[in-house]
2 protein chains.
Amino acid sequence: MIEPQDRRELIVSCAAELFARRSVAATTVREIADAVGVLSGSLYHHFESKDAIVEAVLSGYLELIRAQYRQAISSGKTPAERVHALVLASLKIAEDQPYPTLIYQNEIHYLSESPQFAAVQKAAEEVQNTWLKVIEAGVRDGSFRKDLPARTFYRLIRDAVWLSVRWHRPGGKYSTEQLADDVTSIFLSGYLSASTEARTAKAPASKAPVSKTARAAAKG
Amino acid sequence: MIEPQDRRELIVSCAAELFARRSVAATTVREIADAVGVLSGSLYHHFESKDAIVEAVLSGYLELIRAQYRQAISSGKTPAERVHALVLASLKIAEDQPYPTLIYQNEIHYLSESPQFAAVQKAAEEVQNTWLKVIEAGVRDGSFRKDLPARTFYRLIRDAVWLSVRWHRPGGKYSTEQLADDVTSIFLSGYLSASTEARTAKAPASKAPVSKTARAAAKG
DNA sequence: GTCTATACATCGATAGAC
DNA sequence: GTCTATCGATGTATAGAC
């Protein structure tokens with residue numbers, strides 16, 4: 001069951017790890033070839049340049065995001081549920097594809113200056129529009145605040161969610177689902193405690209408004 | 001009034017812009033020399049290596065953060081006020097030193113692997129402790145929620161705040177102070193509207209709990 | 001499809017004249 | 001303190017044998 005594309009996939013996979021660990025610019029084609037187990041000249045039978053390897057890493061990754069986001073949106077009914085679904089989908093992608101996620105977060109700024117990566121830029125805009133549509137629908141229907149720019153909310157939650165790939169270790173006790181619940185709860189309900197929030201003893205009962213997962217135990 | 005240190009500062013400043021725009025690894029000493037207006041060999045009269053230039057850029061920057069954070073903490077009384085002060089201080093630093101901020105956010109992961117930059121790593125830990133102390137004090141005194149990890153809140157707000165250097169343009173209509181208010185409001189009070197939050201028509205009146213700046217007009 | 005061998009450019013850094 | 005000139009290492013990429 002070994003297909004001809006397997007060699008290509010292996011190169012992409014090895015390169016992604018190196019690009020993520022040491023940056024694209026600092027990774028040499030010889031290092032990629034070493035990781036694959038061939039000599040550097042052999043890579044050029046599969047790719048016409050180092051940049052083509054970078055593009056292969058990112059284009060597959062962005063295609064995955066687009067597919068997962070389409071699913072995520074349809075899984076929620078309310079804007080708050082859809083925000084939670086987008087957060088969870090993003091964290092699952094980061095768990096499944098940590099190296100492309102790291103490359104994208106660390107280097108999109110440099111890469112998008114090269115016309116070589118125009119397709120990458122275009123996919124990124126589609127992802128942004130998906131988020132903005134959900135957020136703006138929530139502002140319109142009264143779910144979300146009208147006194148803050150939707151774009152600011154988008155950029156803050158986007159960066160907080162994706163950068164979690166730098167510190168979150170999915171294998172541990174802090175599961176990806178739990179993190180998604182916590183991120184959504186902070187961004188939608190805030191980190192102020194109930195008493196501080198309302199300045200009265202009125203019960204809020206809505207601190208985790210979209211998730212069905214319960215945290216095992218409150219600490220403190 | 002031209003001091004001998006001016007040349008060094010100029011090199012650091014030019015290098016910082018190039019490092020931020022094209023990454024440290026992709027920037028050559030010849031490019032730095034071009035920007036300064038000398039030939040590459042002349043740089044080595046002021047610095048013993050390219051890495052020494054990188055270190056000069058970051059060490060001055062991190063010293064600035066430490067000084068500003070000390071001030072920020074003492075400017076607030078409650079944990080919420082101190083969080084707002086740290087957010088504002090961070091955004092002001094990003095406004096004043098956008099290039100070092102970009103370098104730090106984009107490349108800290110790669111740079112901290114080199115023992116050359118151990119001092120940078122140490123300063124980063126002090127900054128993290130400053131945030132955590134404020135947040136944990138808020139959890140203890142009941143200002144902040146006990147049902148979410150303080151560390152998660154720290155990491156989310158840290159990444160959201162610092163990454164704003166990638167999109168926020170301080171010269172425009174959206175001032176740094178306004179952004180600081182919005183960030184603090186979202187992270188402390190959440191993005192859900194009042195009616196959604198409480199599921200009753202109870203007036204919250206505490207959506208922007210720490211800032212004295214009022215947004216000019218609500219939109220929509 | 002991988003190897004050997006190498007072309008060619010560019011890198012960081014140095015030596016010594018001025 | 002800057003220049004000229006250049007070293008040695010290393011980078012991407014190629015050509016042709018196997």
Side-chain angles (χ1 to χ4, degrees), chain A residues 1-59 103 106-107 110-111 113-117 120, chain B residues 1-59 103 106-107 110-111 113-117 120:
Chain A
M1 282 296 261
I2 301 207
E3 290 137 65
Q5 295 290 66
D6 258 14
R7 211 76 191 143
R8 226 183 119 94
E9 295 294 331
L10 181 62
I11 294 170
V12 167
S13 165
C14 290
E17 176 163 359
L18 290 164
F19 291 157
R21 286 198 196 283
R22 325 191 345 130
S23 89
V24 170
T27 300
T28 71
V29 293
R30 285 185 180 88
E31 287 172 326
I32 299 172
D34 281 354
V36 174
V38 296
L39 289 183
S40 65
S42 305
L43 296 180
Y44 291 86
H45 177 77
H46 305 274
F47 295 93
E48 68 171 1
S49 69
K50 178 183 167 184
D51 273 0
I53 302 178
V54 177
E55 210 172 8
V57 171
L58 292 180
S59 67
I103 297 166
N106 289 340
E107 315 213 35
Y110 316 136
L111 296 176
E113 295 210 347
S114 165
Q116 172 109 16
F117 300 101
V120 171
Chain B
M1 282 297 261
I2 300 206
E3 289 137 65
Q5 293 293 65
D6 257 15
R7 210 77 191 141
R8 227 184 118 93
E9 295 294 330
L10 181 63
I11 294 170
V12 168
S13 165
C14 290
E17 176 164 357
L18 289 165
F19 291 157
R21 287 197 194 283
R22 321 188 354 131
S23 90
V24 170
T27 300
T28 71
V29 293
R30 286 180 177 84
E31 287 172 326
I32 299 172
D34 280 353
V36 173
V38 295
L39 288 184
S40 65
S42 304
L43 296 179
Y44 290 84
H45 177 77
H46 304 275
F47 294 93
E48 69 171 359
S49 70
K50 178 184 168 182
D51 273 0
I53 302 179
V54 177
E55 211 172 7
V57 170
L58 292 181
S59 68
I103 298 165
N106 289 338
E107 314 212 34
Y110 315 136
L111 295 175
E113 294 210 349
S114 165
Q116 173 111 14
F117 300 101
V120 170

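Just so we're clear, the structure is a prediction, and the values are computed from it rather than from any experiment. Quick note: numbers below take in every heavy atom, side chains included, and nothing from hydrogens, waters or symmetry partners.
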Residue list, side-chain hydrogen bond (donor to acceptor under 3.5 Å, both in side chains) with [X], at least two apart or on another chain:
X	value
A:Arg21	A:Glu17, A:Tyr99
A:Glu48	none
B:Glu9	none

Nearest to the side chain of B:Ser49 - D:dT12, C:dG1, C:dA13? C:dA13
C:dT14, OP1 or OP2 - any side-chain N/O from B:Tyr44 closer than 4.0 Å? no
Less than 4.0 angstrom between a side-chain N/O of B:His45 and OP1 or OP2 of D:dT2, yes or no? no
Do [X] and [Y] have side chains that approach each other closer than 4.5 Å (heavy atoms only, starting at C-beta)?
X	Y	value
A:Phe19	A:Ile53	yes
B:Val57	B:Ile103	yes
A:Arg22	A:Glu31	yes
B:Ser23	A:Glu107	no

Check the interface with nucleotides 3-7 of chain D: list each N/O to N/O pair with the protein under 3.5 Å, or write none.
from	atom 1	to	atom 2	distance (Å)
D:dC3	OP2	B:Leu39	N	2.7
D:dC3	OP2	B:Ser42	OG	3.2

Using whole Å, report how far [atom1] of [X] lies from [atom2] of [N].
X	N	atom1	atom2	answer
A:Ile32	C:dT2	CD1	P	15 Å
A:Glu48	C:dG1	CD	P	17 Å
A:Arg8	C:dT2	CZ	P	13 Å
A:Phe47	D:dA13	CZ	P	13 Å
A:Glu31	D:dT12	CD	C1'	13 Å
B:Leu43	D:dT2	CG	P	9 Å
B:Lys50	C:dG12	NZ	P	5 Å
B:Asp6	D:dT2	CG	P	12 Å

Which residues within residues 10-20 of chain A lie with some heavy atom under 4.0 Å of an atom in DNA chain C? none
Smallest heavy-atom separation, A:Leu18 atom then A:Thr27 atom, equals O-OG1, 3.3 Å
Which residues share a side chain to side chain contact (heavy atoms under 4.5 Å, CB included) with B:Ser114, sequence neighbours left out: B:Gln116, B:Phe117
